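One structure is given here, and the rest of the page talks about it.
We use all heavy atoms of the structure for the numbers below, so side chains are in, but hydrogens, waters and symmetry mates are not. In what follows, chains carry the letters A, B, and so on, assigned in the order in which the sequence lines appear, proteins first and then strands, with residues in each chain numbered from 1. Model, not experiment: these values are computed from the prediction.
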Amino acid sequence: MKNREISEIFEKIGDILEFKGDSSFRVNAYRKAARVLQDLTEDIEVIHQEERLRSIPGVGEGIAKKIAEYLATGRMTKYEEVRKGVPDELIRLLGIPGMGPKTVALIYRKLGIKDIENLEKAVKEGRLRDLPGLGAKKEENILRGIKLMREAGKRISLGVALPLVERIVDDLKRRAKVSQVYPAGSLRRMKETVGDIDILATGTDGGRIIEAFTSGPGVRDVLASGETKGSIIAEGGIQVDLRVVPQSSYGSALQYFTGSKAHNIHLREIAKSRGMKISEYGIFRGEQRLGGKREEDIYSTLGLSFIPPELREDRGEIKAAQEGKIPQLVEDGQIKGDLHVHSKWSDGTASIEEIALKAREMGYEYIAICDHSQSLKFAGGVSIEDMAKKLEEIERVNEKIEGIRVLSGTEVDIKTDGTLDYPDELLERLDLVVAAIHTGFKQPEELITKRIVSGLENPNVDIVAHPTGRLISSREGYSVDLGKVFSVAAEMGVALEINAYYDRLDLNDIACRRAKEQGVKLSIGTDAHHIDQLWMMRLGVAVAKRGWLGPEQLLNTWPLERLLAWLKTRGG
DNA sequence: GCCGTTTTCGGCCCGACTGTTTTCAGTCG
């Protein structure tokens, strides 16, 4: 898939044109195309072959031609033209918070500065303050911006951000006079990573609330502090923004600050075309306020059905809401079990009994113990002899503990040659077989895909785990042809996993939606190695929702009997 | 550069904060 490559080129064209002072509308057009391409569930080459490029929103005659040129030749004339005479490092200066295209252009033109090192030097020598529109304060800000960019810049995983924001919200409730405090932004949309944290509060004295916020514990730096808005850098380098609005605007403010930006722009366009206006203070026709107390007001006034936060990415949800076709999404409470958990038998820390008790406490009907297979020595892979003992233990636990069914399973390794790490006779004895790749990540796409396909084709395999192998904090996934994997999975009736472990979240939202479109079943597993990681099911459910999945496509919303019946129709 | 239940041309989301400004431009989300 060349979707991402092309998306990145359009993004860069947008940056360069902005720097050059080109029309902001043209800049936005490129950026919109970049984003839409990034979000596409289909392969751009297929779309091109079928002459459907123009049907992509944001792709018109010009952009379509450029995509076609790139797919045919591997080059884009427009990109090569615009970047002439614009050093790459100059464009990188735009990444410094507080440095926009105007400032970058100014210092380049007047002082010849085109990289961070020289910019820092010039600031320290006080050479910027004499330029028109700049002063000593601005120099100070730029220096801070450089520092920020160097140390931060990284998005953090949702699983890390959630506990952090809960602490901040609790602190605000204790220390400030607020009526309501609620996280908004990408966190509320449950995006897999968040770049900053947005919090919304209601109260009468905005200034005091902001002051309490900016002077709270764990504040490393204050970026802005006004009557309704404050921005801080929290410990760990993540930016947290707080907005305070009156109670009467709570709904519209929550809608506005939840985003995404693209979703909101689209809504505002619709509002405008109907003579209305949306802001964080409500939805208006002229001076008349039509709504805003409740978030639903915004959508209903525009004639849309309510759109859950997880879908607000401008990936077709607005059109779906216009047509009343927003799907029923899976909910946390519908999850009846976890289908991927490790125990002491491999590299987990809990006993099967401890896991079973915790699962029952969480209200599950079943939980599958899926330890690593024999070859994975570094992960305590279970030998064939130990597997027999483990099965006996599971039986004992099932007899002893009421109200929860422990399923015997394995996370069997798909070896580099595509064969499985246990003989079929053993796999047949298990309730559930999860197969996955753990080695040979550097193999070429064709080989990796072939390995996964041979896993899918083994009649004993029920689920293929973490299909792309990516780690959010540290590793891109291996190269795999997901289209091929989806079609074989659909054909063989094998489920693919949404791995809910906070650093994996694999498959991701877009891939989930594509899998659903191709008729693939999915399954959420936490891959927990401790019982205090079982809560991450929530993260997996979030990915599923963002992938437009309902309970029907997810194995682990099924009651035990239905799941067992399905497993029975398969091998094993 | 895109797009059309106001338009094939003339629009293109809206508001807050900051710093350098005597009324606003730049930046951000």
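- Per the geometry, CD1 belonging to Ile238(A) stands 12 Å off P belonging to dG29(B), to the nearest Å.
- Here the side chains of Ile278(A) and Ser252(A) are not in contact, with every heavy-atom distance at 4.5 Å or above.
- Using a 4.0 Å heavy-atom cutoff across all strands shown, Lys66(A) reaches sugar-phosphate atoms only and no base atom.
- If you check every strand for non-hydrogen atoms under 4.0 Å, Ala253(A) touches nothing.
- Nearest heavy-atom pair across Ile168(A) and Val240(A) is CD1-CG2, 3.9 Å.
- For the segment residues 267-290 of chain A, the set of residues with a heavy atom within less than 4.0 Å of an atom of DNA chain B comprises Arg268(A), Glu269(A), Lys272(A), Ser273(A), Lys277(A), Ile278(A), Ser279(A), Glu280(A), Tyr281(A), in numerical order.
- Side-chain proximity of Lys138(A) to the nucleotides dC14(B), dG1(B), dT27(B) is greatest for dT27(B).
- Ranked by how close their nearest DNA chain B nucleotide is to the 5' end, Val104(A) and Arg26(A) are led by Arg26(A).
- Between Arg312(A) and Ile318(A), the closest side-chain pair of non-hydrogen atoms is not below 4.5 Å.
- Close to dG1(B), at under 4.0 Å from its OP1 or OP2, lies a side-chain N or O of Lys78(A).
- The listed nucleotides are dC17(B), dC12(B), dT20(B); the one nearest the side chain of Phe25(A) is dC12(B).
- Annotation: side chain of Gln239(A) is in contact with side chain of Ser231(A) (closest heavy-atom distance under 4.5 Å).
- Ion pairing of Glu313(A) with Arg546(A) is present here, as a side-chain N (NZ or NE/NH1/NH2) and a carboxylate O approach within less than 4.0 Å.
- The shortest distance between the side-chain N/O atoms of Ser23(A) and the OP1/OP2 oxygens of dG1(B) is not below 4.0 Å.
- Applying the salt bridge (charged side-chain N to carboxylate O under 4.0 Å, His left out) test to residues at least two apart or on different chains, the pairs with a partner in residues 274-287 of chain A are Arg243(A)-Glu280(A).
- Within the 4.0 angstrom heavy-atom criterion, only backbone atoms of the sugar-phosphate kind lie near Asn141(A); the bases stay farther away.
- Looking at heavy-atom distances under 4.0 Å, Lys102(A) makes contact with sugar-phosphate atoms alone, never a base.
- Proximity of residues 106-135 of chain A to DNA chain B (heavy atom under 4.0 angstrom from any strand atom) is restricted to Gly133(A), Leu134(A), Gly135(A).
- Ring-plane geometry between Tyr30(A) and Phe10(A) is classed as tilted, the angle between the planes lying from 30 to 60 degrees on a 0 to 90 degree scale.
- Using a cut-off of 4.0 Å between Lys/Arg side-chain N and Asp/Glu carboxylate O, Arg75(A) and Glu69(A) are scored as not salt-bridged.
- Using a 4.0 Å heavy-atom distance criterion, Ser24(A) is classed as making no nucleic acid contact.
- Each of Gly58(A) and Gln239(A) was matched to the nucleotide of DNA chain B holding its nearest heavy atom; the match closer to the 5' end belongs to Gly58(A).
- Val59(A) comes within 4.0 angstrom of the backbone, heavy atoms only, and of no base.
- In this structure, dT27(B) and dA16(B) make a Watson-Crick or G-U wobble pair, each of the two defining distances being under 3.5 angstrom.
- No contact: Leu17(A) has no heavy atom under 4.0 Å from any strand.
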